[in-house]
Amino acid sequence: MTTINDIAKMANVSRTTVSRVLNNSGYASEDVRKRILRIVEETGYVPSVSAKSLRTKKSGVIGVILPKISTETASRVVGGINEVLSRENFQILLTDTELDKEKEIEYVRLLKSRQVDGIILLSTNVNDRLIQAISETNLPFISLGQELPGFPSVVYDDYNAAVDMTNMIIQKGYQRIAFIGVGEDDPAVGGLRKQAYVDALEENGFSVEERLMAVGDFSIESGYEGMKAILKECGRDVPDAVFVVTDRMAIGAMEYLKEQGYSIPGDVAVAGIGASALSKYVTPSLTTVEYHNKEAGRKAAGSLLAQMKNQQIEDKIVQNYRLIRRDSV
């Protein structure tokens, strides 16, 4: 295997000169630079990451903790993160918590032990143990999707997006609007979106009915079961619309309504959040909210890099959104 010493001998230069060229730091004449790079290409030499890590005390790796790696949101966010980090020659190490709170804490500590240079966390909850674990890493850190006390974050405008969606449903003339959410241990999706729904109803003079509300777990199946539970609770007094906090659960709700013979939106309108690819292709196409996840990933990566360079950053970056009006409302 070719080493940096071999490259130096073949180019008739010092090891230090080879290192300067490979790291693009310090002076080397253009002729020497071209000679070294030609030899590197011909030999297929790959710099030792571990050796560089020992020398610079940096691993060149950023840890990314995801709540569920298989989702479209995660894929888009990681695409944005990788786009920014790869330009700075960083690699990313992905971990998947599978929506397990304990794994969030476990992976924060694991990434610290793997000597990553920083951590980006797509958290689904906020608790003292998680915050303590992050504090103990003493690493550059950013939260994406949740606002964690004491740490910089990139967040979605969950409250205003959900208010706008609820208001739009009301403006379309719907009177009894049901709601399928997730557990409020998720402050953003479970807490803010539910509070927005409640506030929008009250501001428009509508009463908030517990029997029109159900809780899911982000899955399509839980949206199906949530819609089933609401219709069972309401009997003949069926809601004429349902606002669901994720597209996946909204699609499950739509499936149950169709099975029961309800027309969408003729009998019951349905809206979600997430602008998933599938939302365009279900029948009818789903009214939803687009959060620009890839751009959020870019912003999170940029903020983390700025921290690593000791640059000033914003404590909280709020990602904007867009309502997408389709046939389901």
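Keep in mind the model is a prediction, meaning the values are calculated, not measured.
Note on residues 302-318: pairs passing side chain to side chain donor-acceptor pair (under 3.5 Å), not counting sequence neighbours, are E147-K316.
Classification of the F179-Y197 ring pair by plane angle, with boundaries at 30° and 60°, yields parallel.
In this structure a side-chain-to-backbone donor-acceptor pair under 3.5 Å is present from D186 to A188. Formation of a donor-acceptor pair under 3.5 Å by the D240 side chain with backbone atoms of V268 is not found in this model. Remark: side-chain polar atoms of S14 are paired, donor with acceptor, to backbone N or O of T17 under 3.5 angstrom. Listed for the E255 side chain is no donor-acceptor partner under 3.5 Å among the backbone atoms of G223. In terms of modelled atom types and a separation under 3.5 Å, the side chain of K112 and the main chain of T137 share a donor-acceptor contact.
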Start with the C-alpha distance between I180 and F243, add both sets of side-chain angles, then the distance that settles side chain to side chain contact (heavy atoms under 4.5 Å, CB included), and finish with yes or no.
CA-CA 6 Å; I180 303 176; F243 172 33; over 6 Å; no

Take D117 and M308 through the test side chain to side chain contact (heavy atoms under 4.5 Å, CB included) and record every step on the way to the result.
CA-CA 8 Å; D117 296 332; M308 294 164 65; 3.6 Å; yes

Quick one, R76 with E295, criterion salt bridge (Lys or Arg N to Asp or Glu O under 4.0 Å). Give me CA distance, side-chain angles, the key distance, then yes/no.
CA-CA 9 Å; R76 293 168 183 166; E295 179 60 24; over 6 Å; no

So R322 and V289, side chain to side chain contact (heavy atoms under 4.5 Å, CB included) or not? Walk me through it.
CA-CA 6 Å; R322 177 173 70 100; V289 174; over 6 Å; no

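More than 12 non-hydrogen atoms from other residues, nucleotides or ligands lie less than 6.0 angstrom from CD of E42. At most 12 heavy atoms of other shown residues, nucleotides or ligands fall within 6.0 angstrom of atom CZ in R325. More than 12 heavy atoms of other shown residues, nucleotides or ligands fall within 6.0 angstrom of atom CG in N5.
A salt bridge does not link D96 with K103: none of the charged nitrogens is closer than 4.0 Å to a carboxylate oxygen. Look at E209 and R176 and you find a salt bridge, because one of the NZ, NE, NH1 or NH2 atoms lies within 4.0 Å of a carboxylate O, short of that distance.
For the residue pair N160 and D157, a side-chain donor N or O sits within less than 3.5 Å of a side-chain acceptor on the partner.
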